[in-house]
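For reference, the structure is listed below as structure tokens.
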Amino acid sequence: MYSNDDYLLELLIESGNVDANDAGEAKASKGRRSALEYLIETGRLSEEIAAQTMALNSGMEFVDLSKFVPETGVLDLMPADVANKYHVLPVAFDGGRLSVAVADPLDFQAIDSLPHLVAYPMDFYCAPKSQITNFLVEFYGFQNDGGRDISLSGDTASAGETTEADAPIIRLVSELLAEAVNGRASDIHIEPLEKRLRVRYRIDGVLHEVASHPKHLHAPIMARLKIMTGSMSIDERRVPQDGRIQAKVGSKDIDLRVSTVPTNHGESVVMRILDKSGLLLGLGDLGFLSDDQKTFDELLGLPDGIILITGPTGSGKTTTLYACLNTINRPDKKIITVEDPVEYQLAGINQVPVKEDIGMTFAAALRSMLRQAPNIIMIGEIRDAETANIAINASLTGHLVFSTLHTNDAPSSVARMVNMGVKPFLIASAVRCMMAQRLVRKLCADCKQPVELGEKELRALNLDPTRSDAKFMGPSGCPKCKQRGFRGRMCIVEIFKVDDQVRGMINEELSTPQLRKRARELGMRTLREDGIRKVLAGLTTAEEVIESTMGDAD
């Protein structure tokens, strides 16, 4: 359907390409087709003539796609769902600008939105609608009815309960989810502002505004998302709610953790995208260099003890825990986890969700789990002394325990547990390793280029400016990374391995600075030092490492 049928018909009548009587008959026709589509389908108007007329009167150049052959890689510059949603086709990329064919030059919403969704400056051309449709079917795999390669479970509304008025909202929400997944977003933020509805995706740790919708769409979008979870109340808007959506986007199985919170302009929703393909990552894929990977592989082979992953929220602790479990998940090992909430469902692993409202706390779950005779236990987070002491007792009785703490560095984990009320001798006896981590963006391997660092960056990284073998790389931008210069994230780590000397330090109740100093003397590499190695390896930038390790100056 075209955006301004009446105006286009007037242009075609004035140019003599449409008879006024035919136009009147088209307007009076019933059905979901527009008048213009009716004239084209009944053979009273050539689609090429219609496109040429629209192009001429909109200042666009007409392009005939009948003999068009897409340039290599051009179709990859635009997510498939974006192309289908706006019924457009990328046709060329030159000088950093993307040429896009559109069927309707007067669809200003599409023309305004596309540069924000795809992040390139664009030049638009007008082409016959059927030609664009054929290419969408051939190259993107869409059906002519606009079907999406996305299926959602957890939806309580059956097809019979869905009205025709609901269909645009259903399509909009499905497209929003698919675009986020195809764009490698980690979460989706839908935020009501005073006069509009803002949609943002977090990609590689950075928020990008991708769409702005009229405020009146807020209520139906929220209702649709709540229905899809199957557990959230549509009528309740005064209190926060949580839910979950399971989706299949293409060949990917995706879990979305949905959280709503009331704001002064309405309910704001954040959906965290949990991509199950991330569970197949090894430690090397997470960013561990060979020596650190060897150290950690040795720790994973231990029969008992506690391995702690530390860092602030958003530092990738959960992903690392799951990668560890995936590495050691074998039929001869019984693995039980207790999580709040269960973020990924892992095959062959017993996962227990925390439900504090019925008394199923971390500590209560742990006590029950020990009677299940596990070999390996994962605790989503150690939050209090009771949980910490049960975890320590489990490790001392022959279990390998994985968990997380919220601390800024590895040595601080000792003080954090002591502050919880855990005895230092128990920490020294049970803990085998404390590893702090942060996430930094990885340079796009296809477009990174050599750069010179300034004196400020060299000084911050404690690098000698006269060092001749140092090769620094920086972002450039290419189609693969959507011109951002970065693609994906990786860990920088600080591994504090507990040996006999460190146990003595913990028993002596040394302060965190003293503990850190002694750990450095024993060979512990700091977060910044590990980051420097990855800067020198051309994997990330100095700015990324400096920003992520502001408190790590030694």
Kindly give the heavy-atom pair with the smallest separation between [X] and [Y], and that separation in Å.
{"X": "Thr229", "Y": "Lys226", "value": "OG1-O, 2.7 Å"}
{"X": "Ala391", "Y": "Ile382", "value": "CB-CD1, 4.4 Å"}
{"X": "Met524", "Y": "Ile495", "value": "CG-O, 3.3 Å"}
{"X": "Arg224", "Y": "Val173", "value": "CG-CG2, 3.7 Å"}
{"X": "Phe296", "Y": "Cys433", "value": "CE1-SG, 4.3 Å"}
{"X": "Ala365", "Y": "Val338", "value": "CB-CG2, 3.5 Å"}

Quick one: does [X]'s side chain get under 4.5 Å of [Y]'s, heavy atoms only?
{"X": "Asn408", "Y": "Arg438", "value": "yes"}
{"X": "Ile203", "Y": "Lys482", "value": "no"}
{"X": "Leu176", "Y": "Met271", "value": "yes"}
{"X": "Arg525", "Y": "Arg533", "value": "yes"}
{"X": "Ile376", "Y": "Phe402", "value": "yes"}

Distance-only, no hydrogens or angles: does the [X] side chain make a donor-acceptor pair with backbone N or O of [Y] under 3.5 Å?
{"X": "Glu267", "Y": "Thr260", "result": "no"}
{"X": "Asn329", "Y": "Leu325", "result": "no"}
{"X": "Thr549", "Y": "Leu527", "result": "no"}
{"X": "Asp204", "Y": "Gly488", "result": "yes"}
{"X": "Asp242", "Y": "Ser259", "result": "no"}
{"X": "Asn393", "Y": "Asn389", "result": "yes"}
{"X": "Lys448", "Y": "Phe486", "result": "no"}
{"X": "Gln483", "Y": "Tyr120", "result": "no"}
{"X": "Asp530", "Y": "Val493", "result": "yes"}
{"X": "Gln241", "Y": "Ser233", "result": "yes"}

Quiz item: Hey, is CZ on Arg518 packed in by over 12 heavy atoms from elsewhere, all under 6.0 Å?
Solution: no
Exercise. Flag yes if more than 12 heavy atoms outside Asn462 fall under 6.0 Å of its CG atom; otherwise flag no.
Key: no
Self-check item: Given Arg383, Lys355, Arg257, the one that forms salt bridge (Lys or Arg N to Asp or Glu O under 4.0 Å) with Asp340
Solution: Arg383
Exercise. Let me see the working for Val414 and Met434 under side chain to side chain contact (heavy atoms under 4.5 Å, CB included), right down to the final yes or no.
Key: CA-CA 9 Å; Val414 176; Met434 295 162 276; 3.8 Å; yes
Exercise. I would like to know whether Thr541 and Arg441 meet side chain to side chain contact (heavy atoms under 4.5 Å, CB included); could you show each step before the answer?
Key: CA-CA 8 Å; Thr541 66; Arg441 290 185 294 173; over 6 Å; no
Exercise. Output the distance between atom CZ (Arg416) and atom OG1 (Thr407), rounded to the nearest 0.5 Å.
Key: 8.5 Å
Quiz prompt | NE2-CZ distance between His189 and Arg202, expressed to the nearest 0.5 angstrom | solution = 4.5 Å
Self-check item: Pair Asp384, Thr387: side-chain N/O donor-acceptor within cut-off below 3.5 Å
Solution: yes
